[in-house]
Number of protein chains: 2
Amino acid sequence: MSNISPFEFIAQKQAGQAHTPEDIKRFIDDFMCDEIPDYQMSAWLMAVFFKGMTNEETVALTNAMIETGERIEFGNIYASAGDKHSTGGVGDKITLLLAPLVAAAGVAVPTITGRGLGFTGGTLDKLESIPGMRTDLSVQQIVDQIKSFKLAFGAQTSDLVPADKSIYALRDVTSTVRSYPLITASILSKKVTEGIDGIVFDVKCGKGAFMESYDEALKLSNWLVRVASCFKMKVACLITDMNAPLGTSVGNWLEIVESVRALKSEAIEPDIKELTLALGGTLLAVLGECDTPDSGWRKLDTIWSSGAGFKKFVEAVKAQGGDINSFSNMDDINKPKASLTLKADKPGYIFDINSREIGFSSIALGAGRKNVNSVIDSSAGILFHKSVGSKVVLGTPILTLFAESEELCEGIVDRVRKAVRIEDIEPKKKPLIIRAITTEGDYSWDEFRKKKTINIMQKYLHLGQYPVF
Amino acid sequence: MSNISPFEFIAQKQAGQAHTPEDIKRFIDDFMCDEIPDYQMSAWLMAVFFKGMTNEETVALTNAMIETGERIEFGNIYASAGDKHSTGGVGDKITLLLAPLVAAAGVAVPTITGRGLGFTGGTLDKLESIPGMRTDLSVQQIVDQIKSFKLAFGAQTSDLVPADKSIYALRDVTSTVRSYPLITASILSKKVTEGIDGIVFDVKCGKGAFMESYDEALKLSNWLVRVASCFKMKVACLITDMNAPLGTSVGNWLEIVESVRALKSEAIEPDIKELTLALGGTLLAVLGECDTPDSGWRKLDTIWSSGAGFKKFVEAVKAQGGDINSFSNMDDINKPKASLTLKADKPGYIFDINSREIGFSSIALGAGRKNVNSVIDSSAGILFHKSVGSKVVLGTPILTLFAESEELCEGIVDRVRKAVRIEDIEPKKKPLIIRAITTEGDYSWDEFRKKKTINIMQKYLHLGQYPVF
C-alpha cells in the first residue's frame, strides 16, 4: 500500500501524472470517512478537469466509488439484466417507456434514475409526480421487484454509490462537472452497481444537450463504451439529436401523461417511438436477446402493441406505492392552476424549437429546481400542439404553458416565443439517431441496426485488470 | 457591482478569462465572512494555478487581501520606511542583520517576518528562540516602536492581512503554492500593509531555494517588482545564489548566535557580509537615502563597525520582551542535549553542500516543523566548521549536528554526509549575487551597484488604476 499523502496525490495529478488504483481507492475512502476535507477533494477535481485521467484511472475511480456503497446482486434470476442511460435532454421520457417494454421482453431492468440537472428534466422527478410513488427503494426492495416482475425504478440513496453523491455535489458548485473521466465514473459507478449485464447509452447532442457538438458527444460515447467494457458490460451507445424537445410535453406530470398514453398506444409521437425502439432494440441486441437491433426493435414493437409494456409499468408503479388509478383520470390529477397558450404570430412552418430555452423556461414555470431547496410543481410545464416542420397560420396554437400562477406564465412567455422560430420555408428533416458507437468502432444507424452479434466481447477483462486505452 | 456567483467566478478563471477587480474583491470578502466555503476557494486556487492571472488581477487580489485587515500607518515620522523580503533559504539570517543596520541608518523598518516553510528557516522562529521574545505585536506596538527607535519585528496576526493567512493555509495543503501571481499577492499584501516606501527583494535561486532555476527566479522577480511598483513602492530585486547554506549555522538559536556575533563584529562570514550590505545598500539606494547601492553598502559597513546595528537590535529585542542578557552568555542558553560531529572521510576540498538536504536534515533534527502541530527545538540545528572551498584532511571536523537526542543525530547523519561532497579539485567560486532586477530592466551586480538614482519611479501609478503588463 502506498503512503502518498493527499497533498502529494493532488500534486501528482497537477503534474499530469497518473495515479495508481490503490492511491485512488485510498483517496476516495479517506474522503468518505472525512479524513480528506472537501477543499482537498475540490482542488483534486479541478486538477483532473485540467489534466484528465487515463482509462485505467477512470476504471479505478469508478470501482472506488462503487465500493463505498452496496451493490445490487440478484443471484439466480435466469434472465439477462440491462439498462439504458441518457445524458439528459428536454422532454426525454424514453426510460419511462423503454424500461417496462424491455422488462416485458424478459430482461431484468433495475434502473436507477436521476433528478433534473441544469435545463434537463429527470426521470426521478417525473416518477415522483405520480401520487404516492416512492423511488427511495432499498437494495432488497429492488432485488425483490426484479425477482417478481423484472422492473424497478430506484434512486441513488446513501446505500448506493454514496461517494458519487458527495463528489457530484462538490463538482456541481466548483465548475468541475464537464470532465469526461469524471462524467464517465459518475455514470458508470451507478450503472455497475445495478448488477446489469449490458447497457445502452443515449448520448444526446445539440442545443438541448450537455454535449452541444458532435465531437463532444463522440468523445463521451467513446469514454462510456470503453470504461463500461472494462466492467464486463455489453455496451453500445447511440448519439441522438437533441435540438428540438422530444415528444409533445416538457414537465413532470405532463410527461407521465404522455408516456402513459404512449404505452397504452393511445397517442405515440414518431420521435418517441423511434428512440424507444432503437435504444431498446439495441439493448436487446447487445444482451444477445435478439440478433440485431432491428429484430429487437420489432420484438419490442409487438410487445408495445400488445399492451404488455403498460402492464409492466403499472406493476412497478403499484409496487412502489404509486396510485395506478391516477392513470384512468389523468386530467384530474396535478391540475395546473394557470395556463397560457402561445399562438403563431405569422403564417409559415415551425422551423426550429430551441430545446435549451424550452428547458430553462420549464424550470422557470416550476417544473425544475432553481436551487437545491426548490420545491417542484408537478403540474408545471409546456405542452406542444405543434412540432418542428408543422405548418401554421396566424393564430394557430403552438404550445401551452402551465404554472401555479398567470404571472409565472406571463413572465416567461417572451422567452418561449423567442425559442420557437417560424419561417416561410419548411425545415429539412434531420435524422434523430446520428451515430452508433461500440468498442469495435462507430457506425451509421442504418448500418448498425442490421448488424449481427454486435459487441459480443470475446475477451472480457477481469475486473481489477485495468487496460490503458 | 457585478452579480457573478462563486460558481461563475471559478468557471471564468477555468476558461482563462480575467476577473474584474470588483469581482475579486467580492470573492475574497465573501470568503473571509464564510459565505464562500473552502472548497470553492481551493477550486479557484487550482484554476489560477493552471490559468494564471494578469498583473491587473494580481494587484486587485493583493488589494482585496490587504483590505481584510488593518494597515500600519505611521503619520509623521520624518523618515523613509523600507524593508527587505527573501523568498526563503537555508541559513538565511540576513533580516536579523539588515533590519537593525538599516534602522541605524535612519530608515524605519517595520518588518513582518514569517515562519519556516518547507526546507527553509523562518526569521520569526529564529527570533522566538530568544528567551522572552514576543513577535505577535499589535499594529499600535509596531507604530510605537517605529516612532521610538525605527525597528520592529512583527508577525502576521489576525489584524494584518488575515485573508493571506487563511488562503495560504489552503494553498499549503492543496498544492497551489507554486503560482507566480499567488506568491506575488501573498508577499506584497504583507509588505504593502507595512506602510513602507520602498523594498528590496532577495529572490533566492538554486538547490536550497523554492525557485531552483534562474528562469523561475527571474520570472518571480519580474512579478514582484512590477506589482510592487503598482503600489507606489520603490523597488529592486536581487537574484542571489542559494546552493550552499549561508553563514556557519542552520537552526534557530544557532542562527541568533551567529547573527549577534556578526552584529558585534566578533565573527562575520564573507557571504553573510556581502548579502547584508548588497541588499541593505540597494534598499538605501531605492529609497533615495544614498545615490548608489555601493554608497549604501559603505554607509551600512561604517554603521556596522560602529556597533550601532547591534545596539538597534538589542533595543528591539528588549522592547519585545526578549532577554538581552542572553546575548552575553550565549553558549549557556538553549544548550543542545546531544551532538554529533561529522568528519571528513577522505582528504580533498569541500566541493558542494546541498542546502536543500541540509534544510530538511535540520528540520529532522527538530529545528523546523514536520507538521502544523510540531513544537520547534530552538537548540537544534547544524553548525558548520568548514564551508564550500575549504581544504580538509581525513578526520577534519566538517559540521556538528545538535538535537534533543543522540538517536535524532544518528538518524540523520547519513543524509547529511551525502549532502557534503568532497572532491580532489577545488570548486570554482560562484558569484553570490546573480542579477539585479528593477522595473526598468535587469543588470549585472557590478553594473547595478554603481547605478545612480535607480528606480526613481517618475510616473507613480495611483492605487486603484491597474495597468496590465
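Just so you know, these numbers use all the heavy atoms, side chains as well, and skip hydrogens, waters and symmetry mates. Proteins get letters first, then strands, A, B, ... in listed order; numbering begins at 1 in each.
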For A:Ala155, all residues meeting side chain to side chain contact (heavy atoms under 4.5 Å, CB included), sequence neighbours excluded: A:Leu124, A:Thr135
Which residues share a ring pair (Phe, Tyr, Trp, His ring centres under 6.0 Å) with A:Phe50, sequence neighbours left out: B:Phe50
Per-residue contact mode, A:Phe49 against chain B (heavy atom under 4.5 angstrom): side chain
Taking 3.5 Å as the threshold, show me the donor-acceptor pairs across chain A and chain B, one per line with distances to 0.1 Å.
unit_1	atom_1	unit_2	atom_2	d
A:Gln14	OE1	B:Ser175	OG	2.4
A:Gln14	NE2	B:Ser175	O	2.5
A:Tyr39	O	B:Ser42	OG	2.6
A:Gln40	NE2	B:Val173	O	2.7
A:Ser42	OG	B:Tyr39	O	2.6
A:Ser42	OG	B:Ser42	OG	2.7
A:Val173	O	B:Gln40	NE2	2.7
A:Ser175	O	B:Gln14	NE2	2.5
A:Ser175	OG	B:Gln14	OE1	2.5

Per-residue contact mode, B:Leu45 against chain A (heavy atom under 4.5 angstrom): neither
